[in-house]
Structures are given as structure tokens and as C-alpha cells.
2 protein chains.
Amino acid sequence: MTLDGPGTRSRATLTSLAAELGLHVSTVSRALSGDPGRVSATTVESVRRLAEQRGYRSNLTARALRTGRSSVVGMLVPRLTDEVLATVYEGVDLASMEADYVTLVANTLDDADLREQRVDLLLGRQVDGVILADSLLGSNAADRLDKAGVPYVLALRCLPTGLNVGTDDLLGGRLAAEHLLSLGHRRIGVIAGEDRASTGVERARGFLDACAEAGIAIPEHAVVPCRFSVTEGARAAAVLLDAAPDVTAIFAASDNVALGAVGTLRERGLSVPDDVSLVGYNNLPMAASMPVPLTSVDSRLVEVGRGAMAALLDLLDGGRPSSLRLAPELVVRASTAPPRA
Amino acid sequence: MTLDGPGTRSRATLTSLAAELGLHVSTVSRALSGDPGRVSATTVESVRRLAEQRGYRSNLTARALRTGRSSVVGMLVPRLTDEVLATVYEGVDLASMEADYVTLVANTLDDADLREQRVDLLLGRQVDGVILADSLLGSNAADRLDKAGVPYVLALRCLPTGLNVGTDDLLGGRLAAEHLLSLGHRRIGVIAGEDRASTGVERARGFLDACAEAGIAIPEHAVVPCRFSVTEGARAAAVLLDAAPDVTAIFAASDNVALGAVGTLRERGLSVPDDVSLVGYNNLPMAASMPVPLTSVDSRLVEVGRGAMAALLDLLDGGRPSSLRLAPELVVRASTAPPRA
DNA sequence: GACGAGTTGCCAAACGTTTGGTTCACTTGC
DNA sequence: GCAAGTGAACCAAACGTTTGGCAACTCGTC
């Protein structure tokens, strides 16, 4: 049971320290600041000692009010139960912690109204900047932030215009294609991402481009669009297998989708990788620990998060960071093998 | 590319509205407050209209400084990439949003030093209260919060002392046991949770108690402790099958662990549910969408989050909420069946 | 011993709210 | 017609910082 009421002893404040030391509050403030230019070394020392002793901690609220900077950044995500976003968040959080910032997440649940509400919420909280990790193509969140003069960075997804940090999804798709082609697969199906999300579109395009360059045509009916979820993956795999039952390999635009596909394959008595090879995307921890470990394209999500936060911090410092596109890496596991002779 | 520099027009403030209306700032403040008791209806009307027009939004920082309440609650979790915690967070977030609060998450990565640092961070940010969802038994975060006079609620995990909100893990274990027993299973293995976490311990105990009451003894070697991850689940399942190869059913203390177990079973040529029935815990979305849909105990994670936040809000309002223990529900799917004749 | 430079610390204003106290005019009751 | 009561607005202080300006004091130098 916690005690109600305020803390027993009220927290030490700049003013209380000043009083105790017989100094002026401004002197104390400077003594504790990063650059105690105008105060003597001995004073600095005594102030710091007392501060330590009293457990003084700067009141960030007051500081924010005075300086106009809250040291809070917002992050918009569809939902954190999506492990992809949670992983990006982890990177963002790490980087912001190092910079003494704090990250305020807001779930938009991919709902336009809710997103607006959430943006307002963040703006109301005086965030210094925002990381947009939910921006489907055509989102208007960016406009609103522009209008409010709050800088932002797009993470993972990307908009034609705007500063964005992500992995090269075209290249990722290409890596997957080259892997399957080099194993000897020729009849390949693709479970593409959502049409609305730049990620899924580009992964599929990279894959198809690479196939085309190798002289392998993927018929249109072997490319099935799909939302990023396990159940959707299962459904899309069924559609794919109905339309192109002779495929020997499938590229799924996300690990979740691949997991769903595994279920469908299994239902139909097809085994991975003996009957059908499978490549996922993102290389989430689950990829490594699936019953049949999944070959997957690592999209370096933590680094994307870190990079996005780094770019935002740069922006906040008046810099002009440029967009960053990390190179994905293929991680080969047991789910891919040469096609059956 | 975002514009740097502050917003073009500086945000409307109480003072600017007052100036424009020729009113005193305090009058404007009251007019916009929830209970505009001391100001005439016509004034309220005109103030509200102008506020709307200028897009006024209260500066929460200033308000926090003045009132000493930040409308921010902190939440300590091991990590949000754990879907269980992410789901609880979702509940917390929903409830806090409804109450015009905002939730600041802090990952502790189950590291003692980091946890301390994070608690400090939250305290430094003047959070009004904290939800502890990472508290392993013996954590000292609670003490620190007590000392600082910041109220807190334990979610999911529970400490012998302290206000906590969770599901009844004893009952959950019991439900799983009753289900398997009623299907006719007699030789059952248990993959228990971590020893340090109250959840895992109680789930296993509830399960074993129910078995004992039914006259079925589970030998000690058929109970394997295990951390909550897929790979650990796979390992633990292997240990279990080595020690008790004749089990016809397995109860896993989490869905992730169950997923790991599926892999191990598969490797050994055992099929679910034909050879071995499997019950998971938490009923995450993945349970429903696994290749063989998993029977699982729904631990109502979103509601736990909501409940924890509700309790915290009550506490903040000076109430004396009591601990809450929700009843879990068994969701039967394809992974359980009567033992082979 | 006066002067300039440098050092050290104090002063005061400001950030945008909230809120108890005060003022002032107007009604009301007798 | 006057005291009391009431409704509506204003006033000012406070929350804890930060920061430009300023005063005082110390030194070295001529």
C-alpha cells in the first residue's frame, strides 16, 4: 500500500539549496549547469556536494516552461503490440535516453481520427519533435506537424517528401530474390505487403525486379497483397496456393505473414522447406525460433530507431540531417533449400 | 523537409486571449476551466469561442508547474517487444487517454541498474504515479517510489505487499489442468515459468494443485522451470521430453514457451495434438494463428492494463482502491484433444 | 592610488498557469 | 434608504527554472 499525500520531505529545489547555502538561486543554477562559467570553483564544489547530498534533481517541468524545450519527443506508431514497431521503439528509446530525452509513444491503431487526436495530444504536451512510424502513404499527420512548427522524422515507412530513416526495402526484396534464385527456384510466389504501406510495396518490387533481371517472370496471379498479420498471411498464402499451386518458394513481406503462411502450407500437407521454401522479412526474434527456423531479411529495426532519433536530435540542434537508408541483410536459416529435384 | 525554427505564429496562450478580449488572464482561465463558477455565461461563451478560433491549447507544462501534477504516469516494463507487456501497455494507454493522462514507458530490460536509472528518470519527470509491470520478486523499485511519495500499482506481477492488479494465475493453472484432465490425460508435463516471477510460479502451482486434487500426481521431473521466451520454451520442452517421454499433454506457462515447445515436439516427430496435447497461457493473438491453433488461458491483459490504470487514478484522487484479481478464461482450440487410445 | 580587466555573485524578469483574496457594482430585504 | 448579500471581474502571488544585466570586489599595472 503506498502512502498517499505528498512525499514526507518535499523535494530539494534550487531555491532550497540556495537558501541553505546562503547563495542566490541563480548562482546555484549556474553552478549545477553544464558550463558553470560565472561561478568560482569552490562554490561549484560546495553546491554540487549539497545537491548530491539532498538528492537534488532538476524540475524538468519548470525547466521546460522556462526554456521552451521539454526534452520529450513523441512517437506515433500503429500499435506497440506489433513487434516490428516495438523493436523500432526500443532503438528510439535507447538513443533518446542517451541524449537525456524521453519518448512518449502514441498508438494510432491505424485509425485516422485517433491519429489526429494523438498528434494533438503530443503537441499539447509540448514535444520537441516527433518520430512518425505509422505514416501510411497519404497521412496528414506530417502536415499538422509542419503547421505547428514541430520537426519530425519518418521512421521505417517513407513518404516521397520528408526526412526519413529506414532500410532499403528494394534491396531487401532483391536479396531475398537472389537467394531463392541461386538455390534454383524458378516458380516463386510473393506475398506482398499492404498496398498502402511503402515498405510492403518496395519489398515486393525489389524482389520482382531482381527476378525479372534474372529472366524469371513472376506471373501476376502469384503476387498476392496482404496486410501485415499472421492471419492475413495465412489467408494470402491460401489465395496464392490456389492461384499458383506449383510454386516451390514463397517470399513473404514480413515474418508474421510468413508464420501465417507456414500454417496454410502445413494444412495442405506441404512441408517447409522440402516442398516449399519460405523467406520472411524483418528477422524478428521469432524467425529464429520458429519450429522451422525462418530465412529472413534483417531490416535492422533497432538501428532504424536509433537512426531516426539521431536525425531528430540533429534537427533539434539546428542541423540539416539527410535521410538515411540502411542496408538490410539476408539471414539464411532452415526454411530455404533447393527445390525438390 | 520540416521547417526549422519555431512555428510561424506563436501558439495562443491564456494571456494572449485575455489581451485580445480585454479580460484578465485569470478570468479567461476560469472561463475555460471545467467549472467556470465565477464567470458569467456570456463571458464564458465569448472566451470559448475565441479559444476555439485561435486553436488555444492549454500549456500542460505550465499547468504542471503550477498545480504540481503532471498528468503523466510512468510504466516500468522489462521490454515492450514482449507482446505480453505491450498488450498490458495498450490497456494502460487506453485508460490513461480517457482520463487525459499520458503514459511514459520505460524499458528496464530486467536489469537492476537500468531499472534504478529508469525510476529516477520517471521521478525526475514528475510523474504523478507509476505502474510497475516489471517487478520481479524482490525488486526495490517499489521502495524507492514509496520513499519519493509517488503512488504506484503493480500490474500483472504481484508482490506480497502492495496494491496489485492481475489475473488469478492459480485459477488459470487450474483451468488448464481441468481441461486436460477432462480430456482424459493422466501423464502430463508442465513447463513452469521463471522461479523469480510470481506469474509463472502460481500458474504451475494452480495446475499441480488441481491435478493433485483429482488424484493425479505429476512427478517432479515432469515439471521444468523455464524463462518466458520461445527458445527457452524449446529447450525446456526438450528437457521435459527427455525426463518424461511418455507424457500425453504439456501445460506451458506462456504462449511463447508453448511455441518453442511446438518446435521441439516437431523435431522429435511428435504431432500436436495427436501425440501430445498442448496448452499455452495468455492467449496472445499468435495463439489463435499458430499453424495448429493453440488452446490457451486468456489472461485478459488489456483489462489488466486498464484496471491497473484505473486503480492508480483512484489512488491519485485520494481513493483507497483494493487489489484486483481478474478471472482468466480458457480458450479451447485445436492443440488439445483426448490422448490417443 | 587610480584604472581597466577579470572574476564572482546578486537581481529581476520571464515562461503560462492556477487560485485565494479583493474590489466593485448591483440587487435584495427590511 | 441602508446593511447585507451576491455575482463578476481583477489582482497578485506562486510553481522552479534560466539568463541577461549589473554591482562589487580582487588584482596587476602604470
Side-chain angles (χ1 to χ4, degrees), chain A residues 6-7 9-48 50-51 54-72 100 123-128, chain B residues 6-7 9-48 50-51 54-72 100 123-128:
Chain A
R9 44 181 166 292
S10 52
R11 285 172 55 66
T13 141
L14 229 40
T15 323
S16 78
L17 292 181
E20 190 165 351
L21 286 165
L23 286 172
H24 194 267
V25 51
S26 65
T27 309
V28 178
S29 171
R30 280 189 241 261
L32 292 172
S33 79
D35 169 37
R38 285 161 57 166
V39 29
S40 73
T42 61
T43 310
V44 167
E45 173 57 23
S46 67
V47 169
R48 295 223 163 133
L50 186 68
R54 294 280 175 275
Y56 170 75
R57 179 180 310 286
S58 176
N59 182 327
L60 265 10
T61 312
R63 178 199 303 239
L65 179 58
R66 169 64 223 234
T67 63
R69 292 187 60 169
S70 58
S71 306
V72 177
D100 281 324
L123 291 175
R125 293 272 168 188
Q126 265 75 39
V127 295
D128 291 336
Chain B
R9 45 182 166 292
S10 51
R11 288 172 53 65
T13 141
L14 228 43
T15 323
S16 78
L17 292 182
E20 191 164 352
L21 286 164
L23 285 172
H24 194 267
V25 52
S26 63
T27 308
V28 177
S29 171
R30 280 189 241 263
L32 292 172
S33 79
D35 169 38
R38 286 161 57 167
V39 28
S40 74
T42 62
T43 310
V44 168
E45 173 58 23
S46 67
V47 168
R48 296 223 161 134
L50 186 68
R54 295 280 175 273
Y56 170 76
R57 179 179 311 284
S58 176
N59 182 328
L60 266 8
T61 311
R63 179 200 304 238
L65 179 58
R66 169 63 223 234
T67 62
R69 293 187 59 167
S70 59
S71 305
V72 178
D100 282 324
L123 291 175
R125 294 271 168 187
Q126 266 76 42
V127 294
D128 291 337

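Throughout, protein chains are lettered first and strands after them, A, B, ... in sequence-line order, and every chain is numbered starting at 1.
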>> Just the rounded figure in Å: distance from C1' of C:dT17 to CZ of B:R69.
In response: 16 Å
> Starting at the 5' end of DNA chain D and moving along, which residue's nearest nucleotide shows up first, B:A41 or B:A62?
Replying inline: B:A41
> Taking CG from A:L60 and P from D:dC15, how many angstroms apart are they, rounded to a whole number?
Replying inline: 18 Å
> Are the side chain of B:S16 and the backbone N or O of B:A12 linked by a donor-acceptor pair below 3.5 Å?
Replying inline: no
> Has the side chain of B:S26 got a donor or acceptor that lies under 3.5 Å from a partner of the other kind on the base of D:dC11?
Replying inline: yes
> With a non-hydrogen cut-off below 4.0 angstrom, is B:T27 in contact with a base, only sugar-phosphate, or nothing?
Replying inline: base
>> Checking the side chain of B:R69 only, and the main-chain atoms of B:D128 only, is there a donor and an acceptor separated by less than 3.5 Å?
In response: no
> Between D:dA9, C:dT17, C:dG9, which nucleotide has the shortest distance from any of its atoms to the side chain of B:L23?
Replying inline: D:dA9
>> Without decimals, in angstroms, what is the distance between A:H24 NE2 and D:dA24 P?
In response: 15 Å
> Taking CG from A:N59 and P from D:dA14, how many angstroms apart are they, rounded to a whole number?
Replying inline: 17 Å
>> If you assign A:V25 and A:S40 each to the DNA chain C nucleotide with the nearest heavy atom, which residue ends up on the more 5' nucleotide?
In response: A:S40
> Would you find a donor on one side and an acceptor on the other, under 3.5 Å apart, between the side chain of B:R125 and the backbone of A:L60?
Replying inline: no
> Nearest of D:dT17, C:dT17, C:dG9 to any side-chain atom of A:T13?
Replying inline: D:dT17
> Atom CG of B:L14 to atom C1' of D:dA9: distance rounded to whole Å?
Replying inline: 15 Å
> If we only count heavy atoms from C-beta on, is the B:Y56 to B:L50 side-chain gap below 4.5 Å?
Replying inline: no
>> Suppose we call a contact any N or O donor and acceptor under 3.5 Å apart; does that hold for the side chain of B:R57 and the base of C:dG16?
In response: no
> What nucleotide among C:dG9, C:dC11, D:dA9 has an atom nearest to a side-chain atom of B:V39?
Replying inline: D:dA9
>> Check the phosphate of C:dG9 against A:T43, side-chain N and O only, distance under 4.0 Å to OP1 or OP2. Yes or no?
In response: yes
> What integer distance in Å separates B:L65:CG from C:dC15:C1'?
Replying inline: 9 Å
> Could you give the CZ-to-P distance, from B:R30 to D:dA12, as a whole number of Å?
Replying inline: 15 Å
> Roughly, in whole Å, what's the span from CZ in B:R63 to P in D:dT17?
Replying inline: 21 Å
> Is there a donor-acceptor pair closer than 3.5 Å between any side-chain N or O of A:T61 and the backbone N or O of B:A64?
Replying inline: no
